[in-house]
Number of protein chains: 2
Amino acid sequence: MTVTPTVYDVAERSGVSIATVSRVYRTPDSVRASTRERVLAAARELGYVPSGNARGLASRSTGVLGLCFPDYADPAADTDDDDAAMLYSDQIIRGMERAARRHGYALLIAASLQGGPESLVAKVAGRVDGFAVLARTVPTEELEVISRRRPVVMLAGPREGTDSLDHLDHIEVANEDGQRELTRHLLADHGIRRPAYIGMIEESPDVEARFRGFLDACRDAGVEVAGEPAVRVGMMTQAEGARAAALLCERPGERPDAFVFANDQMAVGALRELERRGLRVPEDAVVTGFDGIPLSRLVRPALTTVRQPMVRMGEEATDLLVQRLSGRYTGAPVSRMLPVSVVRRASCGCAEGRTQS
Amino acid sequence: MTVTPTVYDVAERSGVSIATVSRVYRTPDSVRASTRERVLAAARELGYVPSGNARGLASRSTGVLGLCFPDYADPAADTDDDDAAMLYSDQIIRGMERAARRHGYALLIAASLQGGPESLVAKVAGRVDGFAVLARTVPTEELEVISRRRPVVMLAGPREGTDSLDHLDHIEVANEDGQRELTRHLLADHGIRRPAYIGMIEESPDVEARFRGFLDACRDAGVEVAGEPAVRVGMMTQAEGARAAALLCERPGERPDAFVFANDQMAVGALRELERRGLRVPEDAVVTGFDGIPLSRLVRPALTTVRQPMVRMGEEATDLLVQRLSGRYTGAPVSRMLPVSVVRRASCGCAEGRTQS
DNA sequence: CTGAAAGCGCTAACAG
DNA sequence: CTGTTAGCGCTTTCAG
């Protein structure tokens, strides 16, 4: 009772060798039924629980897949409303878990935060057979090292061109296409002429791709805009979104007739800020987001946005990892791009309705 | 490049002993800076990733907490709408992950399915320091064995009275109170006189508690109802909910003026079935659910329900586990009951609005 | 501050 | 079908 029982204890108690105890758990059919029962009984009496660690060590595999994502807890998102606070990393978790389950794997999830030589990824990497990482969650260099040792799939954030991460499998969404289509809608169907794009200071491939889509649509429609986002925020949170909106309202010159945000969180923050200023959305200015988080449809006016297939992304990531692990696939790094869909809601002037996808 | 590098490789390459390599990762300060750098450099060059398994084995702890939940994928919930498909186990995952992160733990999640001596829990149990289980996910007996070896907290489903699981920590929600209050609302504010309760065949402590609350409220209001649920379904899915509604509509005698379901999933199914039959909700009959899943507010009419604080439940579970693990708390089994809140929406006749909680 | 040595609990050939 | 025998890669005293 004081120490945890091991195979030795079970073996002794049931009068067999430790190898047999092991077999009872790994290949039950290779042990005579009566023996098996005896072992199982002893195990039960002792309260024996096989050590996953010892197993993993001896067999060099864990039956666990991992997921690392950024510690992106937008403080303002801490509503008492659980649904609204659901971020998209939660959707990815769902997707991965479902798929992992189908393949008989469990899922280890961890958000980054700490420092030291003992970083998060390392911790996860050391306990799983393979894992997925949300882009920019961990230093590239570290990923590079780890990915030499076990399958890693990168989620979002296009593969770095000439970079060392080129041998990673990679799944992204059609950021550019989505933002282009959304912008075109604004320009063509709502007569927008002075759209302002709100991006991020830090270079994020996803955000840059979205911005390119925005520029594309503007150019195609003959709408003149700067080659740079109107504002670049530090973090894409609600607070920063509100700040950006305020900034754009107070900036000299004509106020933009559309606030095109690089993500939903910021757009939601802007919605509040504009309301505070007595501006009506979409009458006085249109607001759009990107991601399609649950909150986007709960706010008023409901947010027009581009929905990313997060759950699907998680599933694809898992499938890819499983393929790699099973050795069924050893080809060149895969780079998959998932389609997105524009969700037209009230914040751009479209009525709420079944227009959604 | 062919095999994974180990401490030995790193030690050799950096001219130190394996003990020092280990120290660099576990207690960096106990190693001279220059030595540390040398080791780290070698590790980087080699692509060294510490084995979580070996670590766990040697140190008898993993830094991982676990969560087991039922493979409860309601097929009908498989909308192409990710948000709507979000079940409450997902909320618990969120809560646990957040809390685990705060305490420096990662989270291992796994849904049940398989069989054999090698069950799910065992797998999880063997790889974590402690874990939570959604009630009735795993055989009581198995839990009993495992819980002798490491902290386990049971989620929902009240502790078994005289049963062997009495030494488990336990967190549940106020099922009875919630259902009582909701029912009272129906009776007192909406003049319901012939409410029908839809429960489950299999004995579930939670569902039974809810039913008791229902009976209580009826008795208090002087409304006569049978001492048994009007219908008991096999699984609490949308399909079964629809079937139950159909059954109650076709059953001889007066149609119920309120369908009180034991969970949201069923209620949603019923909503569709009633609509199909040309019955208006809430005018012709009132419908209520239980849980407060995201879908409940997306359906039309929006579902009046009892919201369970799922995220909070996950957090409490984690906190409890961490306390137990840190040895800070070794007292008697804790049994915590979390309050719920009635969410009045359109399906009971209350207008949609800020009446929500 | 660093090294040597002894396991942690299990799996995996290899023999019987 | 079952037992023997080596490790798997790391942590951890205990000495230096």
Side-chain angles (χ1 to χ4, degrees), chain A residues 2-40 42-43 46-63 117-118 122-123 125-129 149-150, chain B residues 2-40 42-43 46-63 117-118 122-123 125-129 149-150:
Chain A
T2 114
V3 286
T4 334
T6 74
V7 270
Y8 292 95
D9 302 310
V10 177
E12 185 178 1
R13 175 148 192 145
S14 51
V16 300
S17 73
I18 61 167
T20 298
V21 175
S22 178
R23 289 195 188 96
V24 166
Y25 286 90
R26 301 213 54 72
T27 53
D29 296 329
S30 71
V31 177
R32 190 191 301 154
S34 64
T35 312
R36 197 192 314 145
E37 289 313 325
R38 203 144 34 86
V39 171
L40 251 17
L46 258 31
Y48 169 69
V49 181
S51 153
N53 285 324
R55 275 204 173 152
L57 222 210
S59 66
R60 308 139 165 316
S61 94
T62 63
E118 190 69 302
K123 180 173 177 178
R127 327 194 120 290
V128 302
D129 293 339
R149 254 60 246 198
R150 48 181 108 276
Chain B
T2 113
V3 286
T4 347
T6 73
V7 270
Y8 291 96
D9 303 311
V10 177
E12 186 178 1
R13 176 151 193 141
S14 51
V16 300
S17 73
I18 62 167
T20 298
V21 175
S22 177
R23 289 195 187 97
V24 167
Y25 287 89
R26 301 214 54 71
T27 53
D29 296 329
S30 72
V31 178
R32 191 191 303 154
S34 63
T35 312
R36 197 191 315 145
E37 289 314 324
R38 201 143 35 84
V39 171
L40 251 17
L46 258 31
Y48 169 70
V49 181
S51 152
N53 285 324
R55 272 202 174 154
L57 222 210
S59 65
R60 306 133 168 323
S61 94
T62 62
E118 189 68 303
K123 179 172 177 179
R127 326 196 119 286
V128 302
D129 293 339
R149 253 61 246 197
R150 49 181 105 274

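Protein chains get the first letters and strands the later ones, always in sequence-line order, with residue 1 at the start of each.
A heavy-atom distance below 4.5 Å is found between the side chains of L40(A) and Y25(A).
Looking at residues two or more places apart in sequence or on another chain, you find a side chain to side chain donor-acceptor pair (under 3.5 Å) between S30(B) and T27(B).
Distances were taken from every side-chain heavy atom of T6(A) (C-beta onward) to each of dT11(D), dC10(C), dA12(C); the shortest belongs to dC10(C). Candidate nucleotides dG9(C), dT11(D), dC10(C) were compared by shortest atom distance to the side chain of Y48(A), and dC10(C) ranks first.
In the interface, the side chain of Y8(A) is not paired with the base of dC8(C) through any donor and acceptor atom under 3.5 Å apart.
Between R26(A) atom CZ and dT2(D) atom C1' the separation is 18 Å, expressed in whole Å. Between the C1' atom of dC10(D) and the CZ atom of R55(B) lies a distance of 8 Å, rounded to the nearest Å. The nearest whole Å value for the distance from the CG atom in L57(A) to the C1' atom in dA6(D) is 14 Å. Between the CZ atom of R149(A) and the P atom of dG9(D) there is a distance of 12 Å, rounded to whole Å. Residue N53(B) contributes atom CG, which lies 15 Å from atom C1' of dG7(D) at whole-angstrom precision.
At dT11(D), one or more side-chain N or O atoms of S22(B) fall inside 4.0 Å of OP1 or OP2 (strictly under the cut-off). Between R60(B) and the phosphate of dC8(C), there is no side-chain N or O to OP1/OP2 separation shorter than 4.0 Å.
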Under-3.5 Å N/O pairs linking protein and nucleotides 2-5 of chain C:
from: dT2(C); atom 1: OP1; to: T35(B); atom 2: OG1; distance (Å): 2.6
from: dT2(C); atom 1: OP2; to: R32(B); atom 2: N; distance (Å): 3.0
from: dG3(C); atom 1: OP2; to: S17(B); atom 2: N; distance (Å): 2.9
from: dG3(C); atom 1: OP2; to: S17(B); atom 2: OG; distance (Å): 3.2
from: dG3(C); atom 1: OP2; to: T20(B); atom 2: OG1; distance (Å): 2.7
from: dG3(C); atom 1: N7; to: R23(B); atom 2: NH1; distance (Å): 3.4
from: dG3(C); atom 1: N7; to: R23(B); atom 2: NH2; distance (Å): 3.4
from: dG3(C); atom 1: O6; to: R23(B); atom 2: NH2; distance (Å): 2.5

